[in-house]
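To keep things clear, I will list the structure first and then write my remarks on it.
Given the structure is predicted, the values throughout are model-derived calculations rather than measurements.
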Amino acid sequence: MAKNRRNRRGSNRGGQPGEPRPRKKTNDGIFIYTEPLTIGDLATELNLNASEIVKYLFLKGTMVTINTLVDEELSEEIATQFGYEFLIEEIKEEDILEQYDFADKEEQLEPRPPVVTIMGHVDHGKTTLIDTIRDSRVAAGEAGSITQAIGAYQAEVRGKKITFIDTPGHEAFTSMRSRGAQATDIVVLIVAADDGVMPQTIEAIDHAKAAKVPIIVAVNKIDLPGANPQRVKDGLLAQNIVAEEYGGDTIFIEISAKQNIGIDELLDNILLLAEMQELTANPNRLATGVVLEARLDRGEGPKATLLVQNGTLENRDFVVVGGAYGKIRRMTNEYGKALKEAGPSTPVAIIGLSEVPEAGDAFMAFHEEKTARQIAEKIKQSKAEKELLESNVFSLDTLHEQLAEGEIQTINVIIKADNSGSAEAVAASLLKINVDGVNVNIIRSSAGGITESDILLAETTNSIVYGFNVRPNATVRSLAKDRGIDIRTHRVIYALIEEMEKAMKGLLKPEIVEEITGQATVLALWKASKVGTIGGCRVNSGYIERGQKVRLIRDDVVIHEGVIETMQHGKDQARQTRAGHECGITLKGYNDIHVDDVIEGYHFVEVEVT
Ligand code: GDP
């Protein structure tokens, strides 16, 4: 969450949170910046003649035309020059939380540990480095403790702490960023000295640069005979990562993650860079921060790793996150040790939330339950309104309208299938569809379940996601719903192709659509001679019912489609089981149920055609 914001505008100006925001008004002497505008548009907003702005800039030595786009900085200068107060409007979900956030005074700020993410090409040694640091630089007093995987940990170097986010790879970083959250202060870019700069090295650089996070390069595997650190330096030069010896400002450290060589130097330099960044926070206030990881624990319910970014989180606080809130029931560190409080840059695992939040969600702590509840409700309401707005975005159902209006000539598609052969077959068949003036463009086609990364890719490429014999899990489905991504799942190629062809011809006007009622996970199995295999299930979301159509899903793949034959609560017959409850289930004519299988209930609902 943003802190110490300059002149930033809370969303409460336009009334209650969640109410439609009024279009920016300028005649009250305030200019609210939302995005770059052309000189012409800016002039209109400021009630000026464009020539006045052109002239002003010309006299300052800058030539512009009426169509030149003006960024935030220049907009501020122009608006201020012509007597307007300049404010920035950012439309984000966290706006509501931000209203309750406040800027800290300079004298309240204290240095805080840096938060570091290690990125690099596969096999260049991310995991090894994470493990070496974790195992050898254990925080004081924790020696001999067993670490728990909570998504982050703190290392200690000469009494100073460094927080590492330990999900290797870029996915955590990008999915977090795509949600507007920034947890990382420093990126350690690891490059194997025997392999040099590779595609994911460049990808990592792009991510770090886009997030404006400084990079330290760790040249790894220098113990190998084939190690060539010079080649790494040259390779990175081409990416504008310039080592100090070449006159640049990027620190390069040669290490062997495996043999624990150069690690202290790396950590020292991380601390040095952190010092230069002057990372500070105010430990004496209610905590704010971000969710690093979250999942539903079978025994303990929603479990989340939070990174405290400002303030101090106390183990009896109420935490508001992503429209839910809850009282912390237990707060532990990465060694499973219970904590009373956690200051800035500390990662903690908590239980007690009412729902599983998403990685990247902002959180805020309160001492009072009432405040927490009210704010959570406001966020929920604003989310629902946002969803309504987003329901207008691109989907197969509205394709015919967009085609008719000539808005779309190319349909981007992401295909996920149970194996690569069927993914290829689906792709080939989609490409064969021949409808005048419309093309199918395959953005990604691969084997595997539909993942969050597919949804994020679909969002940036405006794609439809096809699942062939695979289905999204509840987290992915809710992300897709959140981002307005259309997921279509099929088990028969012919049906998939027919649907797409109809959509392309503008014929697709569905009247009956499938709706998932809920999902349950199989926790245990019993064999009963009369009824066959009984799956002891816990319903994770929504509800499931006796007699209902269901799919049996194993590792995201549909294994069986059928009907729930019996449902029991303890010894009693039951008709329905809701989220959070357990039941025993048998499937009609099917016994091959495994532990960890997911049973997904669905039905068909009619939608009005307008
Ligand atoms: P990741 O995919 O980036 O997480 O890479 P890993 O940490 O899994 O490392 C890939 C391989 O490189 C493993 O076999 C490691 O043992 C090996 N490796 C990692 N660091 C070093 C190192 O400093 N020296 C040598 N010789 N091997 C290393």
Side-chain angles (χ1 to χ4, degrees), residues 391-451 454-455 457-458 461-472 476-477 480-481 484-517 548-553 556-563 600-610:
S391 58
N392 276 334
V393 303
F394 182 71
S395 89
L396 212 51
D397 293 340
T398 55
L399 189 57
H400 62 281
E401 290 163 21
Q402 299 183 343
L403 285 171
E405 287 163 16
E407 283 177 19
I408 289 180
Q409 278 85 40
T410 302
I411 302 166
N412 289 339
V413 178
I414 292 174
I415 302 162
K416 296 308 283 284
D418 50 345
N419 61 59
S420 52
S422 52
E424 274 167 33
V426 171
S429 319
L430 281 176
L431 288 172
K432 263 192 234 142
I433 303 178
N434 187 5
V435 175
D436 261 1
V438 192
N439 302 310
V440 172
N441 179 28
I442 312 284
I443 298 283
R444 170 185 282 173
S445 151
S446 62
I450 299 171
T451 63
D454 293 321
I455 303 302
L457 184 66
T461 54
N462 204 8
S463 300
I464 292 173
V465 179
Y466 271 111
F468 187 71
N469 270 336
V470 297
R471 302 194 55 85
V476 171
R477 223 171 39 227
K481 199 170 157 212
I485 304 301
D486 194 7
I487 302 181
R488 299 272 162 163
T489 50
H490 288 274
R491 298 199 70 194
V492 188
I493 289 201
Y494 171 73
L496 185 155
I497 300 306
E498 191 182 56
E499 180 189 77
M500 177 58 105
E501 196 167 351
K502 276 189 180 163
M504 287 165 73
K505 286 182 178 153
L507 298 173
L508 190 75
K509 291 182 184 172
E511 288 163 6
I512 308 273
V513 296
E514 179 193 307
E515 191 178 83
I516 291 157
T517 64
Q548 184 183 29
K549 283 186 185 322
V550 289
R551 302 185 179 88
L552 187 73
I553 302 163
D556 293 339
V557 175
V558 180
I559 302 292
H560 170 74
E561 286 190 326
V563 170
E600 176 176 89
Y602 62 98
H603 59 198
F604 292 98
V605 287
E606 266 186 48
V607 265
E608 231 173 276
V609 181
T610 48

### Given Ile455, Ile487, Thr451, Ile485, the one that forms side chain to side chain contact (heavy atoms under 4.5 Å, CB included) with Pro472
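Exactly one option meets the side chain to side chain contact (heavy atoms under 4.5 Å, CB included) with Pro472, and it is Ile487.
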Working to the nearest 0.5 angstrom, can you tell me the gap between [X] [atom1] and [Y] [atom2]?
X: Asn441; Y: Ile414; atom1: CG; atom2: CD1; answer: 10.5 Å
X: Thr517; Y: Gln548; atom1: OG1; atom2: CD; answer: 3.5 Å
X: Glu501; Y: Leu430; atom1: CD; atom2: CG; answer: 10.5 Å
X: Ile411; Y: Ile443; atom1: CD1; atom2: CD1; answer: 12.0 Å
X: Ile442; Y: Leu431; atom1: CD1; atom2: CG; answer: 4.5 Å
X: Lys549; Y: Ile516; atom1: NZ; atom2: CD1; answer: 14.5 Å

### Query
Do His490 and Val426 touch side chain to side chain, with heavy atoms closer than 4.5 Å?
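They are not in side-chain contact.
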### Message
Side chains of Asp486 and Val465, heavy atoms from C-beta outward: is any pair under 4.5 Å?
### Response
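No; the side chains remain at least 4.5 Å from each other.
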### Query
Listed by chain and number, what are the salt bridge (charged side-chain N to carboxylate O under 4.0 Å, His left out) partners of Arg471, not counting sequence neighbours?
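Residues passing salt bridge (charged side-chain N to carboxylate O under 4.0 Å, His left out) with Arg471: Glu514, Glu600.
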Where is the tightest heavy-atom contact between [X] and [Y], given as atom of each residue plus distance?
X: Ser429; Y: Ile497; answer: CB-CD1, 3.3 Å
X: Ser445; Y: Ala427; answer: OG-CB, 4.1 Å
X: Ile493; Y: Ala425; answer: CD1-CB, 3.8 Å

### Query
For residues 441-451, which residue pairs qualify under salt bridge (charged side-chain N to carboxylate O under 4.0 Å, His left out), counting only residues two or more places apart or in two chains?
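Passing the test, one end in residues 441-451: Arg444-Asp454.
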### Query
Side chain of Lys416, backbone of Gly467: donor and acceptor closer than 3.5 Å?
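Side chain of Lys416 to backbone of Gly467, a donor-acceptor pair under 3.5 Å: no, none is there.
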Residues which pass side chain to side chain contact (heavy atoms under 4.5 Å, CB included) with [X], listed by chain and number, not counting sequence neighbours:
X: Glu515; result: His603, Val605
X: Asp418; result: Ser422, Phe468, Asn469, Val470, Val557
X: Ala428; result: none

### Message
Glu561: which residues meet the side chain to side chain donor-acceptor pair (under 3.5 Å) condition with it, sequence neighbours left out?
### Response
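Side chain to side chain donor-acceptor pair (under 3.5 Å) check on Glu561 returns Arg551.
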### Contacts of Asp556 that satisfy side chain to side chain donor-acceptor pair (under 3.5 Å) - sequence neighbours left out
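For Asp556, no residue satisfies side chain to side chain donor-acceptor pair (under 3.5 Å) once neighbours in sequence are set aside.
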